[in-house]
Trainee: 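Let me begin by handing over the structure; questions about it come next.
Chain identifiers are assigned alphabetically (A, B, ...) following the order of the sequence lines, protein sequences preceding nucleic acid strands; residue numbering begins at 1 within each chain.
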Amino acid sequence: MKRGAKYLAPPLRRGFVSANSAVKKASHDYQLIDTEQKFDEFFTQLKKQKIFAIDTETTSMFAMRADLVGISFSWKPQAAFYLPVKAPLGQKHLESETIRQKLAPILADRNIKKIGQNIKYDLLVLQNAGVPVKGVHFDTMVASYCLDADRKHSLDKMALDFLNYESIPISALIGKGKNQLTFDMVDTAAACEYSAEDADITFQLYNYLKDHLDKEPQLKKLFEEVEMPLVEVLAAIECNGVSLDTKLLKNMSGELNETIKNLTDRIYELAGEVFNIDSPKQLAEILFDKLKLESIRIGKAGRSTDAGVLEQLADQHAIIPLIIEYRMVSKLKNTYVDKLSLLINPRTGRVHASFNQTVTTTGRLSSSNPNLQNIPIRTELGRKIRSAFIPKNKKDCILSADYSQIELRLLAHFSKDKALMAAFAADQDIHRFVASQIYNVPIEDVTDQMRSNCKAVNFGIIYGQGAFGLSRSIGISQTEAKKFIDDYFARYSSIRKFMNDCVENAKRTGYAETILHRRRIISNLTSKNANKRAQAQRLAINTVIQGSAADLIKVAMINIQRKIEAENLPVKLILQVHDELVFELPASDADKHAKWIAKEMSTAIKLDVPLKVDISYGQTWLG
DNA sequence: GTGTTCACG
DNA sequence: ACGTACGTGAACACG
């Protein structure tokens with residue numbers, strides 16, 4: 001049984017109450033505001049409020065493609081109002097013009113505080129409906145994320161867990177699967193019950209979560225000064241979107257078709273039969289049964305055929321290099337070349353991804369629909385895809401600004417290692433510097449091999465890699481790898497101390513903590529299972545570094561967007577890729593903007609090492 | 001819905 | 001004897 005479960009009373013199940021029922025709903029007061037007269041009464045009350053929860057209903061899960069259907073408000077537990085602006089034929093609804101004119105001043109008033117669940121969504125919907133919102137005060141989803149990133153943050157789950165309340169599932173209104181209705185087809189009475197409930201619950205969750213944040217001043221500061229301001233920055237990024245060279249992508253698609261056809265034919269030829277190359281199961285049968293190649297690794301579903309395995313088999317059979325190439329080309333074509341154009345918004349002509357604030361356990365953002373944080377760059381073909389990201393206006397350019405070695409700089413900052421700090425202070429090539437120390441040779445005598453090995457170790461350290469992993473990543477024996485790591489820690493004992501401190505702190509407090517006091521709960525640090533324990537230790541270390549880097553770029557994003565708005569600069573933030581910000585701005589002023597952007601990024605948080613920002617710009621994201 | 005694979009930092 | 005480097009999202013196969 002789960003801890004605490006036995007103390008939890010069963011959730012209050014909502015009784016179904018039909019729209020025309022005479023039953024008095026003692027438990028809540030949800031009002032449908034579907035006439036001008038009701039609106040006036042509602043509006044008289046709304047005007048008196050300094051803080052309220054707001055929720056929008058729309059025709060789409062995706063904010064940039066959603067049309068407004070209704071708005072609900074709540075400023076008192078168990079009480080809420082639903083204002084339909086679109087309704088099925090024959091049902092009363094308010095005129096959008098009334099809503100726009102009457103509500104707009106209140107929504108635009110930054111002194112009237114708005115509460116929402118995933119309020120970034122409502123910001124975008126309302127802005128696209130011609131009603132910009134200011135005074136974004138509290139997002140229940142973001143608050144829950146700050147308190148415990150690992151839990152689920154959906155409204156329904158939080159209502160159940162925090163309020164012991166089971167809310168109406170959206171499927172009760174619109175169904176599920178491919179025959180789903182859109183919300184504008186739902187009865188206004190049912191829509192009211194659903195939507196008003198969401199606003200009500202959001203307001204109740206606000207009270208609950210606020211109390212918990214109030215008990216943790218440092219988390220509260222992170223929430224108020226970083227995460228909440230970031231909501232509006234992410235809304236701006238999503239609204240801005242990115243522009244694509246569709247012609248280039250279309251041409252590439254045709255060329256890649258030929259490549260894939262050619263590879264497929266040759267693979268079938270060498271295999272002696274036609275099979276589905278995309279099926280790891282069928283591929284394994286061909287490679288390991290028919291062609292008698294050696295199976296190197298097995299997983300749950302059978303013998304692995306991943307890139308690492310294929311690489312080791314590359315010179316065993318002529319089919320392997322073809323499969324490696326087939327995998328790369330089909331991946332890039334199916335995931336990017338053929339998919340990105342499909343996501344262009346017809347209204348804006350641009351692609352508007354979601355930048356998710358409450359997904360990762362470390363504090364990083366994630367991106368979806370499409371994921372614009374994993375656009376290829378490592379191969380020639382990959383870079384060609386990246387060159388399809390262009391400015392919409394010919395006189396603009398794409399400017400990319402990325403932190404140089406942000407995680408290693410944070411490692412130097414946290415560990416206070418004198419040598420590493422000095423190396424960064426002198427703007428040395430950090431991998432070369434470490435190599436000269438570990439191999440005990442002058443900087444100019446460091447070979448590419450030495451530098452490359454130390455680069456692998458530097459990265460491995462951040463992830464808590466052991467001798468096995470290092471030996472595999474740089475192709476030396478485990479014994480040699482162990483010696484290498486021992487030498488590294490002998491030379492950089494302050495790094496070992498930092499890593500030990502990360503684990504000890506996490507053991508003592510129960511969580512890893514970033515530079516801005518973001519927390520991640522770490523369990524298993526005292527597990528009897530050595531593997532689980534080692535993994536927990538790696539998390540305790542990596543979370544501090546990865547999470548602090550996330551903190552840093554979030555602060556930079558907020559400061560940059562504030563400057564853009566305060567000075568009304570013609571600069572659009574269009575992407576964040578963990579240590580990189582991408583902008584669309586006038587090519588004629590690229591140097592000028594590059595300067596202040598680099599300054600904002602490098603001064604976001606003061607560290608004991610300088611923060612370096614590399615900038616490039618040009619007619620595409622390739623620079 | 002789960003597992004495998006692979007794109008990115 | 002064990003598994004082995006952190007954090008994501010998407011496409012595809014398969015039951």
Side-chain angles (χ1 to χ4, degrees), chain A residues 149-150 275-284 297-311 323-324 326-340 342-343 353-356 358-379 381-383 385-386 402-407 456-474 478 481-482 485 502 512 520 522 529-547 549-550 553 575-581 621:
Chain A
D150 279 307
F275 67 103
N276 186 348
I277 311 168
D278 289 329
S279 165
K281 196 175 160 208
Q282 292 182 39
L283 180 60
R297 197 152 34 80
I298 53 169
K300 282 179 195 167
R303 298 162 292 185
S304 173
T305 66
D306 73 14
V309 170
L310 295 180
E311 202 187 328
I323 290 166
I324 292 172
Y326 172 91
R327 279 255 177 92
M328 180 192 74
V329 175
S330 61
K331 170 87 175 184
L332 296 187
K333 179 169 189 287
N334 293 336
T335 311
Y336 306 101
V337 176
D338 289 349
K339 292 290 151 64
L340 287 171
L342 301 177
L343 292 163
S354 291
F355 283 85
N356 315 306
T358 61
V359 171
T360 72
T361 49
T362 56
R364 275 187 172 185
L365 302 178
S366 83
S367 164
S368 54
N369 306 117
N371 182 354
L372 293 181
Q373 291 182 319
N374 72 346
I375 301 301
I377 193 171
R378 290 173 188 173
T379 64
L381 178 58
R383 286 189 287 276
I385 293 170
R386 204 164 264 228
D402 67 283
Y403 284 109
S404 164
Q405 307 290 2
I406 183 66
E407 293 189 337
V457 179
N458 282 334
F459 275 107
I461 293 293
I462 290 167
Y463 301 141
Q465 186 182 47
F468 174 89
L470 180 67
S471 70
R472 221 178 41 163
S473 78
I474 63 177
Q478 256 188 86
K482 181 169 185 315
I485 292 170
C502 285
R520 176 182 182 182
I522 309 279
N529 180 322
N531 289 323
K532 285 195 170 179
R533 203 168 60 239
Q535 191 191 6
Q537 291 169 354
R538 291 196 297 271
L539 296 184
I541 297 159
N542 179 261
T543 299
V544 173
I545 296 173
Q546 191 182 117
I553 196 166
L575 296 173
Q576 189 256 39
V577 195
H578 310 308
D579 64 353
E580 173 187 19
L581 298 177
W621 190 5

Trainee: Find the distance A:Phe275:CZ to C:dC14:P and express it as a whole number of Å.
Mentor: 12 Å

Trainee: When you measure from the side chain of A:Asn356 to the backbone of A:Thr358, do you find a donor-acceptor pair of N or O atoms at a distance under 3.5 Å?
Mentor: no

Trainee: Say we look at B:dT4 and C:dG3: how far apart would their P atoms be, to the nearest angstrom?
Mentor: 14 Å

Trainee: For A:Gln282 and B:dT5, what is the distance between atoms CD and P respectively, to the nearest whole Å?
Mentor: 14 Å

Trainee: From the set C:dT4, C:dG9, B:dC8, return the single nucleotide nearest to any side-chain atom of A:Phe468.
Mentor: C:dT4

Trainee: With a 4.0 Å cut-off on heavy atoms, is A:Arg538 in touch with a base, just the backbone sugar-phosphate, or nothing at all?
Mentor: sugar-phosphate

Trainee: Output the rounded distance in Å from OH (A:Tyr336) to P (C:dC12).
Mentor: 13 Å

Trainee: Quick check on C:dC12: is either OP1 or OP2 less than 4.0 Å from any side-chain nitrogen or oxygen of A:Ser279?
Mentor: no

Trainee: For the side chain of A:Thr360, counting heavy atoms from C-beta on, which of C:dT4, C:dT8, B:dG9 is nearest?
Mentor: C:dT8

Trainee: Can you say whether a donor on the side chain of A:Gln546 sits under 3.5 Å from an acceptor on the base of C:dC6, or the other way round?
Mentor: yes

Trainee: Any side-chain N or O of A:Thr335 under 4.0 Å from OP1/OP2 of C:dA10?
Mentor: no

Trainee: Pick base, sugar-phosphate or nothing for A:Asn529, based on heavy-atom distances below 4.0 Å to the nucleic acid.
Mentor: nothing

Trainee: Is a side-chain donor-acceptor pair under 3.5 Å present for A:Asp150 with A:Thr361?
Mentor: no

Trainee: Please state whether the phosphate of C:dC12, meaning OP1 or OP2, lies under 4.0 angstrom from any side-chain nitrogen or oxygen of A:Asn334.
Mentor: yes

Trainee: Which of these nucleotides, C:dA5, C:dA10, B:dT4, is closest to any side-chain atom of A:Ala301?
Mentor: B:dT4

Trainee: For the side chain of A:Lys331, counting heavy atoms from C-beta on, which of B:dG9, C:dC14, C:dA10 is nearest?
Mentor: C:dA10

Trainee: Under 4.0 angstrom, heavy atoms only, what part of the nucleic acid is A:Ser473 near: base, sugar-phosphate, or nothing?
Mentor: base

Trainee: Report, as yes or no, whether the 6.0 Å neighbourhood of atom CD on A:Gln478 holds more than 12 heavy atoms from other residues, nucleotides or ligands.
Mentor: yes

Trainee: Atom CG of A:Leu342 to atom C1' of C:dA11: distance rounded to whole Å?
Mentor: 13 Å

Trainee: Return the OG to CD distance between A:Ser367 and A:Gln576, rounded to the nearest 0.5 Å.
Mentor: 9.5 Å

Trainee: Could you tell me the Watson-Crick or G-U partner of C:dG15, where both distances fall under 3.5 Å? Say none if there is no partner.
Mentor: none

Trainee: Report the distance from atom CG of A:Leu365 to atom P of B:dC8, rounded to the nearest whole Å.
Mentor: 19 Å

Trainee: Indicate the atoms forming the closest heavy-atom contact of A:Gln373 with A:Val577, along with that distance.
Mentor: O-CG1, 3.6 Å

Trainee: For A:Ser330, report the nucleic acid contact type (base, sugar-phosphate, nothing); a contact means any heavy atom under 4.0 Å.
Mentor: nothing

Trainee: Rounded to the nearest Å, what distance is computed from the CG atom of residue A:Asn371 to the C1' atom of nucleotide B:dG9?
Mentor: 11 Å

Trainee: Mind checking if A:Glu580 touches a base, just sugar-phosphate, or nothing, with heavy atoms under 4.0 Å?
Mentor: nothing

Trainee: Using OP1 and OP2 only, check whether a side-chain N or O of A:Thr305 sits under 4.0 Å from B:dT5.
Mentor: yes

Trainee: Shortest non-hydrogen contact from A:Leu283 to A:Arg327?
Mentor: CD2-NH2, 3.4 Å

Trainee: Name the closest nucleotide to the A:Asp278 side chain, picking from C:dC6, C:dC12, C:dA11.
Mentor: C:dC12

Trainee: So for atom CZ, which belongs to A:Arg472, do other residues, nucleotides or ligands contribute more than 12 heavy atoms lying within a distance under 6.0 Å?
Mentor: no

Trainee: May I have the distance from A:Asp150 (atom CG) to C:dC6 (atom C1'), rounded to whole angstrom?
Mentor: 14 Å

Trainee: What is the nucleic acid contact for A:Arg520, judged by heavy atoms within less than 4.0 Å: base, sugar-phosphate only, or nothing?
Mentor: sugar-phosphate

Trainee: OP1 or OP2 of B:dC6 sitting under 4.0 Å from any side-chain N/O of A:Arg327?
Mentor: yes

Trainee: Looking across every strand, which nucleic acid part, if any, lies under 4.0 Å from A:Leu332 by heavy atom: base, sugar-phosphate, or nothing?
Mentor: sugar-phosphate

Trainee: For residues A:Tyr463 and A:Ile545, determine if any side-chain heavy atom of one lies less than 4.5 Å from a side-chain heavy atom of the other.
Mentor: no

Trainee: Under 4.0 Å between any heavy atoms, over every strand shown, what does A:Leu539 touch: base, sugar-phosphate, or nothing? Just pick one.
Mentor: sugar-phosphate

Trainee: Between A:Ser367 and A:Gln535, just flag the one whose closest nucleotide in DNA chain C comes earlier from the 5' side.
Mentor: A:Gln535

Trainee: Would you classify A:Lys300 as touching base, sugar-phosphate or nothing, given that sugar-phosphate means primed atoms plus P, OP1 and OP2, and contacts are heavy atoms under 4.0 Å?
Mentor: sugar-phosphate

Trainee: Starting at CG of A:Leu340 and ending at P of B:dA7, how long is that distance when rounded to a whole Å?
Mentor: 15 Å

Trainee: Hey, does the side chain of A:Asn374 come within less than 4.0 Å of B:dC6's phosphate (OP1/OP2), counting only N and O?
Mentor: no

Trainee: Of all the choices, C:dC14, B:dG9, B:dA7, which nucleotide is nearest to the side chain of A:Met328 once you look at every atom?
Mentor: B:dA7

Trainee: Using a 4.0 Å heavy-atom cut-off, does A:Ile377 contact any base of the nucleic acid, only the sugar-phosphate backbone, or nothing at all?
Mentor: sugar-phosphate

Trainee: Looking at A:Arg378, I'd like to know whether one of its side-chain N or O atoms comes within less than 4.0 Å of OP1 or OP2 on B:dG9.
Mentor: yes

Trainee: Can you check the distance between C:dT4 and B:dG3, where both ends of the measurement are the P atom (answer in whole Å)?
Mentor: 15 Å

